[in-house]
There are 2 protein chains.
Amino acid sequence: MTTLIQSPTKTVELSAVDGLAQLSFLIHDVLSARASRYGLSMSQTRLLGALRDRAPSVNELAVLLELDKSSVSGLISRAEERGLVERVPSPDDGRAVVVRLTKRGRSQVRKVAADFEADAVSLLSLLSYKDASALASLISRLLAAHAEAHGVDLFA
Amino acid sequence: MTTLIQSPTKTVELSAVDGLAQLSFLIHDVLSARASRYGLSMSQTRLLGALRDRAPSVNELAVLLELDKSSVSGLISRAEERGLVERVPSPDDGRAVVVRLTKRGRSQVRKVAADFEADAVSLLSLLSYKDASALASLISRLLAAHAEAHGVDLFA
DNA sequence: TATTGTTATACTCTATAACTATA
DNA sequence: TATAGTTATAGAGTATAACAATA
């Protein structure tokens, strides 16, 4: 599948596959540039994001982030040194710890999320409102169909 | 901007911003899973991809990949050890080298690209042909508008 | 002097394996 | 024994700074 598109100087054919890949890299770059303004790597940002609505154990975090528990342990330690998260002994299990955002961590993740929201809105505003709405709707349906096809509930 | 979407069990609101981010991560994961079947990291894959139609100098590669030249030098060295690329003295400049794919590197990058193409097609086929075409077209226009807004010529 | 590329060094991120403490 | 988490270790990836060779 290819699509004819207009640039100011020429009309080119961009395959749907290339488009998907380029869009993915573009979003990734925007997000990681925003995070780095707060001195955060993508990994640190994902960690903080995963803690926004939860106070999970290290194991639960490892599942959420799809990383080995040792990798997560390191991420937590570096975030802890920077005062962004804290480890609390689990009340239920003497072996486990609960990881949660500090006040500072919560503030950081809120700022990054707000900035990224603004970036994404400004990106989408390159299209007309009608086109942006259509794009958002199609993406949502694609994600829903993919989650469905893989037995994953994106919206748990 | 939010969009109502249907999952088999519920209707949820997914913001356009969340949709963009999730789509980006999904594509990234698909691509990196494909690359890793050939023992390639994303960085190595990007390097090989950048060499598909070019035999650039280290400096030119650094600009293309938006990395420091020392980072690129390391990427090249590791790819060279694995027989995927080679360094050739530049005919024009005694200080420079030209980096190019070996036969093996070319074969690898072709396979990864073909696999990813298949992945992307199968992802898009979760939508109707009409919707997939519309999505591809909107993404293309968004990318073109972004390139235009940033004075970058995506299609050089 | 300026530029091209490599190397030395340091840090983040990731995984595997070995370890401890608890269940 | 099994599980939760940490630590030791190794390697990729990245950047900065110092360097050698060439322009």
Side-chain angles (χ1 to χ4, degrees), chain A residues 25 28-29 31-33 35-51 54-82 84-100 108, chain B residues 25 28-29 31-33 35-51 55-100 108:
Chain A
F25 285 123
H28 181 275
D29 289 350
L31 188 45
S32 103
S36 81
R37 300 214 195 158
Y38 295 97
L40 294 173
S41 66
M42 283 298 283
S43 296
Q44 289 288 324
T45 305
R46 284 184 70 216
L47 171 64
L48 300 189
L51 295 174
R54 279 178 284 249
S57 69
V58 173
N59 249 330
E60 288 164 347
L61 267 176
V63 171
L64 281 168
L65 301 176
E66 296 182 282
L67 294 173
D68 189 84
K69 59 186 178 167
S70 67
S71 305
V72 172
S73 190
L75 283 176
I76 294 167
S77 294
R78 289 186 292 275
E80 204 172 24
E81 282 164 22
R82 300 172 56 184
L84 301 174
V85 307
E86 56 190 358
R87 288 173 161 106
V88 181
S90 166
D92 305 332
D93 186 330
R95 300 166 299 179
V97 300
V98 158
V99 185
R100 63 183 187 203
Q108 291 274 80
Chain B
F25 286 123
H28 182 275
D29 289 350
L31 189 45
S32 105
S36 79
R37 300 213 194 158
Y38 294 97
L40 294 173
S41 67
M42 282 298 282
S43 295
Q44 288 289 323
T45 304
R46 284 184 70 214
L47 171 64
L48 300 190
L51 296 174
S57 70
V58 173
N59 250 332
E60 289 164 346
L61 266 176
V63 172
L64 280 169
L65 301 176
E66 296 182 281
L67 293 173
D68 189 84
K69 59 186 177 167
S70 66
S71 305
V72 172
S73 190
L75 282 176
I76 294 167
S77 295
R78 289 186 291 276
E80 203 172 25
E81 283 165 21
R82 300 172 57 184
L84 301 174
V85 308
E86 57 190 358
R87 287 174 162 104
V88 181
S90 165
D92 305 331
D93 186 331
R95 301 166 297 177
V97 299
V98 158
V99 185
R100 63 184 187 204
Q108 290 274 81

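Reminder, nothing fancy here: chain letters follow the sequence lines and each chain counts from 1.
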Considering only distance and modelled atom types, tabulate donor-acceptor pairs under 3.5 Å from the side chains of residues 63-70 of chain B, sequence neighbours left out.
from, atom 1, to, atom 2, distance (Å)
B:D68, OD2, B:S70, N, 2.8
B:D68, OD2, B:S70, OG, 2.7

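Counting all heavy atoms, side chain and backbone alike, B:A35 lies closest to B:S41 at CB-O, 4.4 Å. Heavy-atom minimum distance, B:L51 versus B:P56: CD2-CD, 3.3 Å. Here the closest heavy-atom approach between residue B:L75 and residue B:S43 is recorded as CD2-CB, 3.8 Å. Nearest approach of B:Y38 to B:Q108, heavy atoms of both residues: O-NE2, 3.5 Å. For the residue pair A:A33 and A:S36, the shortest heavy atom distance occurs at O-OG, 3.1 Å.
Look at CG on A:N59: it is 10 Å from P on D:dT6, rounded to the nearest Å.
Residue B:S57 is in sugar-phosphate contact alone, with no base atom involved, counting any heavy-atom pair closer than 4.0 Å across all strands shown.
Side chain of A:E60 to main chain of A:S57: a donor-acceptor pair is present (N/O by atom type, distance under 3.5 Å, no hydrogens or angles).
Taking every nucleotide of DNA chain C with any atom under 4.0 Å from a non-hydrogen atom of chain A, the first and last of them, 5' to 3', are C:dT12 to C:dA23.
Residue pairs that meet the salt bridge (Lys or Arg N to Asp or Glu O under 4.0 Å) test with at least one member in residues 74-94 of chain B, sequence neighbours left out, are B:E80-B:R87, B:E86-B:R100, B:D93-B:R95.
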**Complete:** Under a 4.0 Å heavy-atom criterion, the protein footprint on nucleotides 13-23 of chain D, written with B, S and -, is SSBBB---BBS
